[in-house]
Structure formats: structure tokens, C-alpha cells
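Just so you know, these numbers use all the heavy atoms, side chains as well, and skip hydrogens, waters and symmetry mates. Numbered from 1 within each chain, the chains take letters A, B, ... in sequence-line order. Owing to the predicted nature of the structure, the values given are computational and were not obtained by experimental measurement.
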Amino acid sequence: MTETRFDPSVADGRWQRAWEQAGTFTADSDSPKPKSYILEMFPYPSGRIHMGHVRNYTMGDVLARYQKMRGFEVLHPMGWDAFGMPAENAAMEKGVHPGGWTRQNIAQMKAQLQRIGFALDWTREFATCDPEYYGHEQALFADLYEAGLVYRKESTVNWDPVDMTVLANEQVIDGKGWRSGAEVEKRKLNQWFLKITDFADDLLEGLGKLEDWPEKVRLMQENWIGKSQGLEFSFDMSDGGKLPVYSTRPDTIFGASFCAIAADHPIAQGLAGDPAVAAFIDQCKKGATTAAALETAEKLGYRTPITARHPFTGEALPVFIANFVLMEYGTGAVMGVPGHDQRDFEFATKYELPILRVVASDPAKADEPFKGEAEAGDGVIVNSDFLNGMSVEDAKQAVITRAESEGWGEGRTVWRLRDWGVSRQRYWGTPIPFIHCDACGVVPVPKDQLPVTLPEDVSFDIPGNPLERHPTWKHVDCPKCGKPARRETDTLDTFVDSSWYFLRFASQPADRPFDPEEVAKWMPVQHYIGGIEHAILHLLYARFWTRALAHIGKITVQEPFAALFTQGMVTHETYSRIDATRGVPVFFGPEDVNRTSDGATLIADGQPVEVGRVIKMSKSKKNVVDPDAIIARHGADAVRWFMLSDSPPERDLPWSDAGIEGCARFVQRLWRLFAACDAAAEGEDKSLDRKTHQTIAAVASDIEALGFNKAVARIYELTGAVEKAAPSASRSAAIRALVHLAAPMMPHLAEEAWSAMGEGLIADAPWPAVDPALLVDDEVTIAIQHMGKLRDTVTAPKGASKEDLEALAMASANLQRSLDGAAVRKVIVVPDRLVNIVT
RNA sequence: GCGGGCGUGGCGGAAUGGUAGACGCCGGGGACUUAAAAUCCCCUGAGCUUUGCUCGUGCGGGUUCGAGUCCCGCCGCCCGUACCA
């Protein structure tokens, strides 16, 4: 090692090839070692790796390499979430086949990932668009159908009449298709559903045990599942009919002063012959649906001629059609209790309905007036006949019991969670393996005929589903009766593909989706890392599929991901100017801007540009930095180091040129230190030994806690200490330790250094052992305080007695000056830490 | 509205109730060099009457010998969201 510079353009490739040839990161499921499954959310093959991917995979990579050094057999796989709309859009726009487009993107992105030197087991790579993968998925889907967890039902969908396809709710913007801009229609279609609601309680309960998941994600899932318990009962109406309502607050039933039904409630529809009613229903439908708009939306109602009879008081309550009642939730009708529900309060105020108090902080305050808003809090029941004096909880139960015994209502649990509609009228997805026969109905494709593969000869010249209009593909004979029948032309939601891919990574036999015993060896995933945007859908669906597969006896694990980590985004400054003629900002990319410490100018004309906020990298703001260009310039290790430095991993990471240059400098600095290591140096440097061992221990615990930024800081500190130390055996040992500590983060540099000082690959080396005796210092710095203010510091032997420390403190001239002869009232001594004198 | 998170130097950020600002970036000064790059050394929260002292972790209170950290009440920003009965 005579070169003075580390050259990543040579070394990166050399070690990447060495790992590949040695199969260093190929996971052996038969290994006797304990197993560790590290997984990052697999990417959609859009064509380019972006900085967000680099950050995500670097974190997982550090964990994988670290775990390997700790003696685990590590599974760290990578694959491609390869079905989806962008491929079809590309087909429509560029005339390419979705499959070809996707394959080409995968090849590009794989090469990019390999240039970063990730410790991935590429032997297990697959794409969800591989017929082998989706064929197994079809088999699992059929198994779930057999188990009664898949069904068909007619449901209302968002239909884009221009693109001739169903749109997800997220794809409808202001009532128009996101792509075509056409007014979206509601259509009834027969759709495939997965019975996720069967597992609602289990999915909710399971959240409580996911201690290593972010609280935030657990709460989001809890809200999404949305369990509520209450009473469903029916009012007898003045027209002789019944009005079923649902309430989570049956304890407040004596406070009900009206009923309200949704605009699309059958009763409202029945009254729509009246033009005034029809007009009101129309008005309700037009209301905006964004959260912000709903917040300020006025409560509107239409008083129908119908009244409802209160089950206890017999009073006739007016029935309104109201814009704030949703048909989709509960029974689409509510009892209005203005005193204890804010919406009902606003409504009652507007329409001058009675606002009754039935809950009070104290029985004596039963007639306390309301202060302009409803009181939804806890308290004691008042003005409520047989409920008076009860707590809210007891009263709820009492009303439910009474309703059930008298037969006019019953306790009911209502969920917000709906069954998962998985039908998509698209080409680039997993074909749903069913056949429609006029005689036999819906018939599953026999397993020995799977996979049902996508036809290659399709065109995207006209909108709609190419499978539907393919000349031959859908025409098959019924597997049961042999008569001509039709294939299902819907494909599965791509979220199905990502709901079990982690099982296929763990085990990939040819004849089955996976082997349960192999799966049991690796699952659950020990660390799952990805973006917060998947907090609900993907993570909930994956939890559901794992449970569903366990339910039908395919696997034993219930929860797929033991620990979840959601990493922050990579952000960057924006550079812009206001376009004089149009008055809108025009953005410039970082490569077109010259950034100095006090501003930025456009390289093209030398004139200043506005330096804007640091925000997520996006094409429209032109603040994207391409990883490839950075790696070509600074090498993989500098980029990896940057991804781990400074920002805590859960927070956003601001990209900066100065930052990456600093990282590249540090790579060289370490290189010089490694290259100058004198293995023959002799002599002991006890304090450096301590620093080394303390750093090894600290970096280990930081990595285990995913505190990569702290681990980085420790490595900087030890580097500085080693640089300052005189040559000794201790110093040489410290350098060897540093190579190990750097290995998970800067693997190419570490291998290059290790090749000159050790045996084999450092990727295979064990994590350095720590001598516990060296973790504690024999001298400590004691803070000397007067009334909690620092006055002096002194060094003392570790474990010195309280008396000795007090004496040391009293001997301080600085302290004595501060005391100024005042009488000492109290002395606080914290051993090995501080002495505080109280006067 | 509700739920969650965050608020510390010029910037990213450290800190089991115990020396606030580790580590990095930026900036300043110096060394080496004919010069530059690279590298190395020093300084870098504010202020003051500078052996030291005062102030300082969004604001106002409180608990404590001692609070960035705990408690109460506010303010601001970010993210999520369902008028869910």
C-alpha cells in the first residue's frame, strides 16, 4: 500500500467482483448459525435509482453486514415490484411493450445497485412480473378462495370513461380522472374481494405486540381499522317504518333531540319525489370532500315530515336529511345528541333544536348551561331516568342490556376497515385465475394449468383493458364441463404482489410458492426498512396475507415484520427565479447553479437565483441529484458514508455538495491512516486502548439501535484520537479495529485496507471483541458546582469516595472565590460525576 | 377539528435529571508551497469590566441541590387524517 490515494474507480469494482465470486452474501438456510433476515422494501423498476433508494438500502446494508460480522447467517435479498401502471403508461406513450420496458429498467437499476456495493443475495432475485412468481401467487389466491377468503360482489367503482378503466379513490382528483381529466362516473361492476375484515380484530390486536414498530405507524393502522363499539337500534317512525341508527354513545340516549339520515339513505331517496328534497340531496352531493373543506363546511339539513319515536320517552323527534351523515358508515343514520357531540351541537344550534345535558362533571351540575360547544368528555349521567348517577361506561352497558332484553336493539362493533377490492381492469398485473362458465359459474383454473400467463401480443392503441379485447386469450373451455367459457380479464391489485414477496425471498421451490420449513427458518423479518408512505396499505395488506396464509395452514408465522423502521427523505435546496412574463417560479437544477456560502448564481448568466426551501427531491422542482454521477465522482463509500452521517435516519437528510465532499475527504483521510499502519510497532498506550474498546462497544450499540449518525460520530472521534497518538502496538490495534468498524459502512475501503493487513475478506471477519475492563476509565472529570453552577473541573480517580471528592472540591480556588465565605448548608456528591455545594 | 412528531450555534445535529453544543459542514487565522491543489495546526453560541463572570436549548410558570431533559399552560412549524355517529 504505497499509493497515497484510495481510488474508488478501481477498488469499488474489484471488491464487488470479489464478493460475487466468493458468494459472500449468499444466504445458506442450512447454516447452523442463528438467522437474521434484513429487508428493505423492494423498489418499483421506474428506470433509475434515486437518492431515497440509496439511503434506504444503505441502512439495511449496514445492518446486514454488521449482523454477518456478529456471527449471524444473514438473508438480505433484493427484487422488483414490477407490475403496475407506469409500464402501461409507457406503452401508451412510447409504443413499447410493458414487459420489455420493465425488464430494461430492472437491468439498469440492478447495475446501479451493484455499483454501490450492497451486500445482497442476488441469487434470490425475482420480479413480480416473472410468470413463476405470479403463477404461485395465483395458486395462493385460489387457496384463499377455497378457504372462503376470496369472494365476488357487485360494487360501485370510479369509472374513467375516456381511459375505460376503474380508478382507485386516490386517482380521482376533484371528481376527474387523474390521467384523462374526464368526469368520473360511478359504475356497478362485479369485483373480486379479499376478506380482510375477517382479520380486523386480529390485525388490531396484533399492533399492540409490535413493540419495535413506530408508534406513529401503529396509530395510523389502528385508525384505519377503526374499531368502534356501540348500540344499533331502530326508531319507530311516524310513517310506520323503522329507522335503524348506530351510536357509540347509547349512554346519551336521553339527550337525543333529532335524527339525521344521509342524503343517499333509502328513506331520503324515497322522499325525493318532492322537488325540494331532490334539490337538497343534489346540494349535499356537490360538497367538497377534502379534509380542509370538511372542517369549515356548514352543517346543512332538510326537515322531513317524518318523526321518530324515542324508545324511552316516547317523544317525537324530527327526522332530518343532513349533509354530515355518511351512508357508508354504520346504518347511514344517527340519533342527534347536541349536548355531547360537536356536529350535532352545530346542527341543533342552526336549526334551533333542544340541546339537553345528560352528562355532567357532577350530579349537582345537571342544569349547567353549555359554553358554546358540545361536551364529549367523561362524567356522570344526569337527566336520564334510570341511568342517573351512572358513569358513562356503565350507562352504555345498561342501555345496551336493556335494548337487548326488550328486543329493540343490540350491541354492535362497527369497523371502518372494508374488504379489499383487488380487481383491476389492467393488462400489466397478475391475471386472476378464474374462468366464467355459463353452466358452472365461476370456476378456478386447475392448479396444474397455472400460471395463467399474460399474452405478449397486445396493443395499447385504444384505451381500456387489452386482455378484454384480445382476440383469443379469454376464450377457453370450462375446466369443469368442457363447454366454451371466458377467462377472467381482471388482474390483481399490485399490492397483492408485495403482500407475500418476503416469503418467496426466504424460500423459492419451483413447484410451490414456498416451503413452510424454510420460511420458518428466516421469518419474521428482523428489520424491515422503508418509507412512511407505506404505513397503511402495504404494511396492513402484508400483515393480512401473512395471517391469511397462517390461517389456511401454509405458514406458522403471524406477523411478517418484527421491527419496522421508516426512514426520512433525502432533501435538497431549490433554486428558482420568477419568470417576469408569467409571474411563476422557474426552477434550476443544482448542476446549473454555482452555490457559494452567501447565495447562488446561475452558471449560464452569472446572475443570482433564489435559494429556496430544502424539500424532497422531485423532478418538478429540479432539485434532484443523481446517485450515479456522484458515485462516478466520489466512489460508493463516500455516498454511503454521507447517507449515514449527520441526520438521524428517521429524519430528512439534506443533500449538499459540501457534505459529500467532506465525506470523500474522510475516506481519503482514513485511507492514509490505514496505509501508514505499522504492524511491527511496539508499546502500550492504555488510554488509546480504552478509547478503541469504548468505540467498538458504542458503535455496535448505535448500529443495533439504528443510530447510524451517532456511530459515524464515534468513528470520527476514534480516527482523530488515533491520528494524534504516537506509534505503538495499541495504535496499530486501534487502526485494525477502525477497519472493522468502517467495514459495514465503507466496505470497499475496508476491504482494500484489510487486504494488506489481514486474512480473507473483511466482510467475513468477526466483529472485534471488547475487553470489558477497558470500557471504564480509571480517571474521571468531576464537575464542581456552586448552587448548580459550574465553577471548576478536577480529575479524580474512578470510584473515589464522597469524602475525597468533597475535599477535592473544597480545595478549588475558583469554588472558594464563588463561595466568598458563605456557610455551606448542604453538599451533593454524585460519584464520578460532580460535587454541588449549596449555601 | 382530531392524532402524531418536532422546536438546541450560521447549518445538520449530540447530550441515562448532573460540565449544553460531541461529531460533521460552513466560516476565520496560520503552517507547508515559487504558486495552487492536497494536507496539517489553531479559533469559531452571544455579551462583558476576560486568572474570570453574565446570559443562553420556542414563550410563561412549576418541581429539584441541579431541568434541553420531568410537570402545567401557551406559541410556531411539519406529517397524517375519517364530519366515522
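- Between B:C41 and B:C55, the two P atoms lie 36 Å apart (nearest whole Å).
- Remark: the separation of the C1' atoms in B:C11 and B:G47 is 23 Å, to the nearest Å.
- The side chain of A:D646 has B:G24 as its nearest neighbour among B:U39, B:A85, B:G24.
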Check: residues 714-726 of chain A side-chain donor-acceptor pairs under 3.5 Å, at least two apart:
from   : atom 1 : to     : atom 2 : distance (Å)
A:R714 : NE     : A:D702 : OD2    : 3.3
A:Y716 : OH     : A:W641 : NE1    : 3.1
A:E717 : OE1    : A:K691 : NZ     : 3.1
A:T719 : OG1    : A:I715 : O      : 2.7
A:E723 : OE1    : A:R669 : NE     : 3.3
A:E723 : OE1    : A:R669 : NH2    : 3.0
A:E723 : OE2    : A:R669 : NE     : 2.8

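- If you check B:U54, B:G66, B:A22 against the side chain of A:N836, the one that comes closest is B:G66.
- For A:R218 and B:G4, the shortest distance from a side-chain N or O to OP1 or OP2 is not below 4.0 Å.
- Interface residues of residues 705-714 of chain A facing RNA chain B, ordered by number: A:N709, A:K710, A:A713; criterion, heavy-atom separation under 4.0 Å.
- Using a 4.0 Å cutoff on non-hydrogen atoms, no part of residues 690-697 of chain A comes near RNA chain B.
- Among the protein residues, A:R825 comes within range of no part of the nucleic acid, since none of its heavy atoms lies under 4.0 Å from any strand.
- Across B:G12, B:A85, B:C23, the shortest atom-to-atom separation from the side chain of A:E717 is found for B:C23.
- Ion pairing between a basic and an acidic side chain is recognised when a charged N comes within 4.0 Å of a carboxylate O; A:E393 and A:K396 show such pairing.
- Taking atom C1' in both B:G21 and B:C32, one finds a spacing of 33 Å when rounded to whole Å.
- Comparing the same atom, P, in B:G58 and in B:U69 gives a spacing of 8 Å after rounding to whole Å.
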Writing each nucleotide of RNA chain B 5' to 3' as (, ), [, ], | or . by Watson-Crick or G-U pairing under 3.5 Å yields (((((((..(((.....[....))).(((((.......))))).((((...))))..(((((..]....))))))))))))....
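- Comparing B:C74 with B:G1, their P atoms are spaced 13 Å from each other, to the whole Å.
- Within the 4.5 Å cutoff, the side chain of A:V625 has heavy atoms near those of the A:P590 side chain.
- Nucleotides B:G56 and B:G10 place their P atoms 16 Å apart, quoted to the nearest Å.
- Using a 4.0 Å heavy-atom criterion, one finds that A:L219 contacts the sugar-phosphate atoms exclusively.
- Counting only residues at least two apart or in different chains, salt bridge (Lys or Arg N to Asp or Glu O under 4.0 Å) contacts with residues 645-667 of chain A are absent.
- Among the atoms of the strands shown, none is found under 4.0 Å from any heavy atom of A:R412.
- Of the listed nucleotides (B:A85, B:A82, B:C83), B:A85 has the atom at the smallest distance from the side chain of A:T248.
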side-chain hydrogen bond (donor to acceptor under 3.5 Å, both in side chains) between A:N623 and A:T574, intermediate numbers included: CA-CA 6 Å; A:N623 62 339; A:T574 53; over 6 Å; no
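- Comparing B:G18, B:C83, B:A14 against the side chain of A:Q785 picks out B:G18 as the nearest.
- Side chain of A:R833, nearest nucleotide from B:A82, B:U16, B:C23: B:U16.
- Among the heavy atoms of the strands lying under 4.0 Å from A:V830 is at least one base atom, whether or not backbone atoms are also near.
- When the P atom is used for both B:U33 and B:C53, the distance is 43 Å, rounded to whole Å.
- When distances are taken from the side chain of A:L326 to each of B:G12, B:G18, B:C83, the shortest belongs to B:C83.
- Using a 90° window around 0 for the glycosidic torsion, B:G7 falls outside it and is classed as anti.
- The ring-ring contact (aromatic ring centres under 6.0 Å, His included) test applied to A:H534 returns A:H538, not counting sequence neighbours.
- Using bins of under 30°, 30° to 60° and over 60° for the plane-to-plane angle, the ring pair A:H572/A:Y575 lands in the perpendicular bin.
- Within the nucleic acid shown, A:S645 has no heavy atom closer than 4.0 Å to any nucleic acid atom.
- Of the candidates B:G13, B:C84, B:C83, B:C84 carries the atom nearest the A:R416 side chain, counting heavy atoms from C-beta on.
- Nearest nucleotide to the side chain of A:R343, out of B:C84, B:G12, B:C26: B:C84.
- Distances shorter than 4.0 Å separate none of the side-chain N or O atoms of A:S656 from OP1 or OP2 on B:G12.
- Under the 3.5 Å distance criterion, the side-chain polar atoms of A:H340 are left unmatched by any main-chain donor or acceptor of A:T252.
- The phosphate of B:G24 has neither OP1 nor OP2 within less than 4.0 Å of any side-chain N or O from A:R665.
- With B:C26, B:U19, B:C40 as the candidates, the nucleotide lying closest to the side chain of A:L790 is B:U19.
- Rounded to a whole angstrom, the distance from the P atom of B:A20 to that of B:G29 is 31 Å.
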